[in-house]
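Contents: one structure, followed by commentary.
Counting from 1, the numbers follow the sequence of the chain as shown.
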Amino acid sequence: QPLAVDVRANAVWRASNHLLDTDFKIGQSARVSLNATSEQIQISVQDSGGSAHRFDYEQMLEPFKRGDNATYRKGIGLGLTIVDNIALSHGGKLTFETNADGICATITLPR
């Protein structure tokens, strides 16, 4: 079934891509899922790196903040800031949940 959502497709694609890129930098793999209700959609990216204890993702939403892996990875610390701003510009939010597999980042957008 088609899923109708009024979003800027390129922006949502960019946000999802940034989350995947972040997960591949700190984890070994990532699992993407899409859940929808009549009121919202959720795009979730679950890493399997098991390094959740090293990162304060809420602090990482600030521009130019980088995690412990900054020495070994390319980037300037804007990826999660961009994802958060895209979610907010659509009336949504970006949240993080630590679980047994690592960290699940979820973009929630209204429909």
Write down the atom of [X], the atom of [Y], and the distance for their closest heavy-atom approach.
| X | Y | result |
| --- | --- | --- |
| L20 | A30 | CD2-CB, 3.9 Å |
| A15 | V83 | O-CG2, 3.4 Å |
| P110 | V5 | O-CG1, 4.4 Å |
| H90 | R8 | NE2-N, 3.0 Å |

What's the spacing between [X] [atom1] and [Y] [atom2] if we round to 0.5 Å?
| X | Y | atom1 | atom2 | answer |
| --- | --- | --- | --- | --- |
| D84 | S89 | CG | OG | 10.0 Å |
| L34 | I107 | CG | CD1 | 10.5 Å |
| L80 | N85 | CG | CG | 11.0 Å |

If you look only at pairs with a residue in residues 9-18, which of them pass as a side chain to side chain donor-acceptor pair (under 3.5 Å), with sequence neighbours excluded?
none
When you group the ILVMFWY residues by side-chain heavy-atom contacts below 4.5 Å and let the links chain together, are L19 and V32 in the same group?
yes
With S44 via side-chain contact (heavy atoms from CB on, under 4.5 Å) - residues at least two apart:
S33, C104, T106
With side chain to side chain contact (heavy atoms under 4.5 Å, CB included) as the test, pick out the partner of R111 among T37, I41, V7, D6.
I41
Classify the side-chain pair Q40/N35 by whether it contains a donor and acceptor separated by less than 3.5 Å.
no
Okay, side chain of D47, backbone of I103: is any donor-acceptor separation there less than 3.5 Å?
yes
